[in-house]
Amino acid sequence: MAKTKGLTSQQEDFSAWYNEIVYKADLADLSPVRGSMVIKPYGYALWEHIQRSLDDMFKATGHDNLYFPMLIPISFFEREAEHVEGFSPELAVVTHAGGKELEEPLAIRPTSETIIGEMYSKWVQSYRDLPLLYNQWCNVMRWEMRTRPFLRTTEFLWQEGHTAHATAEEAMAETTQMVNVYADFAENFAAIPVIKGEKTEGERFAGALVTYTIEAMMRDSKALQSGTSHYMGTNFSKAFDISFNDVNNEQAYAFTTSWGLSTRMIGAIIMAHGDDKGLIMPPKIAPHQVVIVPIYRKDDQLAKDQVMAAVDELAGQLRDQAVRVKVDSRGGMSPGWKFNEWEQKGVPLRLELGPKDLEAGEVVIANRLKENKETVKLAEASSVVVSALKQFHDDLYERARVFRDERSFVVDDYESFKEKVAQGWVHINHCGKPACEEAIQEETKATPRCIPFVGPETDGPCVRCAEASAYPRKVIFAKAY
RNA sequence: CGGGGCGUAGCGCAGUCUGGUAGCGCACCUGCUUUGGGAGCAGGGGGUCGUUGGUUCGAAUCCAGCCGCCCCGACCA
């Protein structure tokens with residue numbers, strides 16, 4: 001019995017814990033095709049809340065949504081040298097359709113820079129056509145060697161923003177703005193503290209001049225890149241001829257950006273917040289912020305009616321306060337069973353309401369994070385819940401921040417680095433040379449996560465090879481997903 | 001692509017070494033009793049044992065091939 005209902009503890013085997021909770025919390029199920037998964041209603045509801053929150057932020061920063069097709073002529077990938085090198089190995093390609101072999105094979109998009117570049121070249125003639133500030137929500141496919149639910153699936157959902165600008169300054173400002181939007185979302189909606197920074201040359205997006213990232217720490221102290229924003233310079237506009245006449249009637253190439261955040265964010269939420277009991281959902285994007293479990297005896301119809309009436313009344317009050325409430329009125333399972341199930345699914349607050357409470361005019365509030373129960377007057381319940389949800393977000397964020405900061409280190413010598421990088425994130429002076437990064441990875445499994453926008457300043461030569469440091473700030477190294 | 005593991009009921013597994021009526025737990029269905037932290041009893045339904053071929057009177061079990069999936073690495077959001 002314990003075997004089938006129990007969850008492997010994080011300490012015992014974090015990876016097994018992760019795999020189990022994905023299925024047990026009913027977020028996703030394996031599909032018949034290797035590396036792809038079905039996102040089930042509970043997981044998809046979380047994604048919908050992520051989408052809604054982010055989409056509002058995109059609109060607020062002047063972007064419009066549109067949609068490009070999934071199939072891209074394979075030759076498009078050969079137009080940008082780094083891009084083809086970066087993506088060719090993982091392309092899935094359609095060679096037959098309509099019962100015939102196609103003249104030119106069609107790639108299933110791994111990302112849409114190429115087809116968007118092709119179309120933007122038609123849409124941009126004058127500096128007056130700029131900027132183009134567009135985003136699309138779509139699926140993409142990358143045939144990765146090894147897959148993991150939400151973290152790396154062959155097909156995944158994301159949004160990709162693609163903008164074109166008349167000047168480099170404007171495009172860089174866009175790139176910075178969007179990494180800030182991602183950090184804002186991660187911290188203020190997903191309750192995940194992130195480090196904003198720039199990727200080193202070796203970790204950059206294929207075809208980008210600058211890649212900004214948000215990095216989050218998971219509860220096994222590994223890092224997860226959770227959103228990226230790229231400045232392409234004129235790499236893609238030259239490859240796809242996105243050119244225009246500027247104010248002086250001179251021919252110029254547009255400066256482009258792209259930025260994306262994917263269903264991997266769900267993996268981040270699972271691993272940044274979850275514990276041995278299961279998920280802990282950040283309230284602002286939780287599918288259910290509150291679950292109400294009515295308690296009654298089946299043979300006592302009067303009590304049941306009274307309890308259900310009170311539950312419906314309370315649920316109505318909460319909905320009036322824009323709280324997302326689930327009333328679990330399923331029959332045939334004990335309250336204890338429901339308590340455990342909703343804890344595993346990470347619902348922030350659970351309200352228990354039975355005859356005893358009703359008699360006292362009270363309701364029990366159980367907090368998934370504090371793991372305590374308190375009793376409040378029914379009349380005050382909805383206002384208590386509203387403020388408890390706010391507090392829950394702050395507590396969840398703070399818990400993750402403390403966890404990360406306790407596992408972040410600044411060191412000056414390579415021996416200390418090797419010791420500390422096994423425990424978390426380490427800031428070091430770094431030369432930025434790809435060969436040195438590779439050597440560090442070989443010796444420690446750690447990779448450069450980013451050069452943080454804010455962080456300890458460089459104060460000496462590279463910790464590993466003693467060559468001159470390449471960046472003004474120390475580079476964060478960590479084991480990563 | 002390297003290493004490891006596994007394919008038997010919806011899920012998790014035993015049975016395979018040593019060939020001989022297809023098993024267990026959970027889930028599911030029915031009934032009764034239960035219901036404030038994963039309920040109990042009784043009855044019941046569900047299987048071409050991944051696949052192809054071979055050995056044998058007889059194969060989940062032995063032999064050969066094939067396929068698939070999972071996990072750990074290298075690669076990546």
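Naming: A, B, ... by sequence-line order, numbering from 1 per chain.
Listed nucleotides B:rC75, B:rC76, B:rU35 differ in distance to A:Met145; the shortest reach to its side chain belongs to B:rC75. Of all nucleotides listed (B:rA39, B:rC75, B:rU35), B:rA39 comes nearest to the side chain of A:Ser334. In the set B:rG36, B:rA39, B:rC76, the nucleotide with an atom closest to the side chain of A:Trp337 is B:rA39. When distances are taken from the side chain of A:Arg146 to each of B:rA39, B:rU35, B:rG73, the shortest belongs to B:rG73. Counting only heavy atoms from C-beta on, A:Gln344 has its side chain closest to B:rG38 among B:rG38, B:rG37, B:rC75. If you check B:rC70, B:rA74, B:rG37 against the side chain of A:Arg350, the one that comes closest is B:rG37. Set against B:rG37, B:rG36, B:rC76, the side chain of A:Glu90 has B:rC76 as its closest nucleotide.
A:Ser262 comes within contact range of at least one nucleobase, with a heavy-atom separation under 4.0 Å. Base contact: A:Leu151 has a heavy atom under 4.0 Å from a base atom. Counting any heavy atom pair closer than 4.0 Å across all strands shown, A:Arg330 reaches no nucleic acid atom. A:Lys199 comes within 4.0 angstrom of no nucleic acid atom, judged by non-hydrogen atoms across all strands. Nucleic acid contact class of A:Ser15 (heavy atoms, under 4.0 Å, all strands): sugar-phosphate only. When heavy atoms are screened at a 4.0 angstrom cut-off, A:Phe205 is found touching no nucleic acid atom at all. The residue A:Thr153 sits close to a base: some heavy atom pair falls under 4.0 Å. Using a 4.0 Å heavy-atom cutoff across all strands shown, A:Val140 reaches no nucleic acid atom at all. Across all strands, A:Pro89 comes closer than 4.0 Å to no nucleic acid atom at all (heavy-atom distances). Among the heavy atoms of the strands lying under 4.0 Å from A:Glu352 is at least one base atom, whether or not backbone atoms are also near. No contact: A:Gly260 has no heavy atom under 4.0 Å from any strand. Residue contacts for A:Glu371: at a heavy-atom cut-off of 4.0 Å it reaches no nucleic acid atom on any strand shown.
B:rC28 and B:rC69 are spaced 26 Å apart, taking the C1' atom of each and rounding to whole Å. For B:rA42 and B:rG20, the P atoms lie 31 Å apart once the distance is rounded to whole Å. Of the C1' atoms belonging to B:rG10 and B:rG46, the separation is 10 Å, rounded to the nearest Å. A gap of 11 Å separates the C1' atoms of B:rC6 and B:rG50, to the nearest Å. Taking atom P in both B:rU16 and B:rG7, one finds a spacing of 13 Å when rounded to whole Å. Rounded to whole Å, the P atom of B:rA60 lies 15 Å from the corresponding atom of B:rU8. With P as the reference atom, B:rU61 and B:rA22 are 13 Å apart, rounded to whole Å. Comparing B:rC41 with B:rG5, their P atoms sit 39 Å apart, to the nearest whole Å.
One can place CZ of A:Arg148 at 17 Å from P of B:rC76, the figure rounded to the nearest angstrom. Between A:Gln441 atom CD and B:rC76 atom C1' the separation is 12 Å, expressed in whole Å. Atom pair A:Glu341:CD and B:rA27:P shows a separation of 13 Å (rounding to whole Å applied). Between A:Glu12 atom CD and B:rC71 atom C1' there is a gap of 15 Å when expressed in whole angstrom units. Regarding A:Lys24, its NZ atom lies at a distance of 12 Å from the C1' atom of B:rG38, rounded to whole Å. Atom P of nucleotide B:rG73 and atom CD of A:Glu144 are separated by 15 Å, given to the nearest angstrom. Rounding to whole angstrom units, CZ of residue A:Arg297 and P of B:rU35 are separated by 4 Å. Taking atom CG on A:Leu353 and atom P on B:rG36, their separation rounds to 15 Å, with Å as the unit.
With a 6.0 Å cutoff to the six-membered ring centre and a 45° limit on the axis angle, A:Lys222 counts as a cation-pi contact of A:Tyr481. Relative to the six-membered ring of A:Phe403, A:Arg219 meets both conditions, a distance below 6.0 Å and an angle of at most 45° to the axis. In this structure, A:Arg79 forms a cation-pi arrangement with A:Phe76, its terminal cationic atom sitting closer than 6.0 Å to the ring centre and no more than 45° off the ring axis.
In this structure, B:rA64 forms a base pair with B:rU52, meeting either the Watson-Crick or the G-U wobble geometry with both donor-acceptor distances under 3.5 Å. Nucleotide B:rC76 forms a pair with no other nucleotide shown, judged by Watson-Crick or G-U wobble geometry with both contacts under 3.5 Å. Nucleotide B:rG20 is matched to B:rC57 when pairs are restricted to Watson-Crick or G-U wobble geometry with both distances under 3.5 angstrom. Base pairing analysis places B:rG10 opposite B:rC26; the two distances defining the Watson-Crick or G-U wobble pair are each below 3.5 Å. Checking B:rG47 for Watson-Crick or G-U wobble geometry (two distances, each under 3.5 Å) identifies no partner in any strand. If you check B:rG31 for Watson-Crick or wobble pairing at under 3.5 angstrom, you find it paired to B:rC41.
Ranked by how close their nearest RNA chain B nucleotide is to the 5' end, A:Lys338 and A:Asn19 are led by A:Lys338. Nearest-nucleotide assignment on RNA chain B puts the 5′-proximal partner with A:Gly332, out of A:Gly332 and A:Glu155.
Defined by atom type and a distance below 3.5 Å, a donor-acceptor pair is missing between the side-chain atoms of A:Arg350 and A:Asn367. Side-chain polar atoms of A:Glu174 and A:Gln177 form a donor-acceptor pair below 3.5 angstrom.
Between A:Phe453 and A:Tyr212, the angle of the ring planes goes over 60°, which puts this pair in the perpendicular group of the 30/60° scheme.
Between the side chain of A:Lys445 and the base of B:rG73, no donor-acceptor pair of N or O atoms lies under 3.5 Å. Side-chain atoms of A:Arg152 and base atoms of B:rC76 include a donor and an acceptor less than 3.5 Å apart.
Salt-bridge annotation for A:Arg449 and A:Glu203: present, with a side-chain N of the basic residue lying under 4.0 Å from a carboxylate O of the acidic one. One finds no salt bridge joining A:Arg34 and A:Glu144 here, because no Lys/Arg side-chain nitrogen approaches an Asp/Glu carboxylate oxygen to under 4.0 Å.
The aromatic ring centroids of A:Phe87 and A:Phe205 lie less than 6.0 Å from each other.
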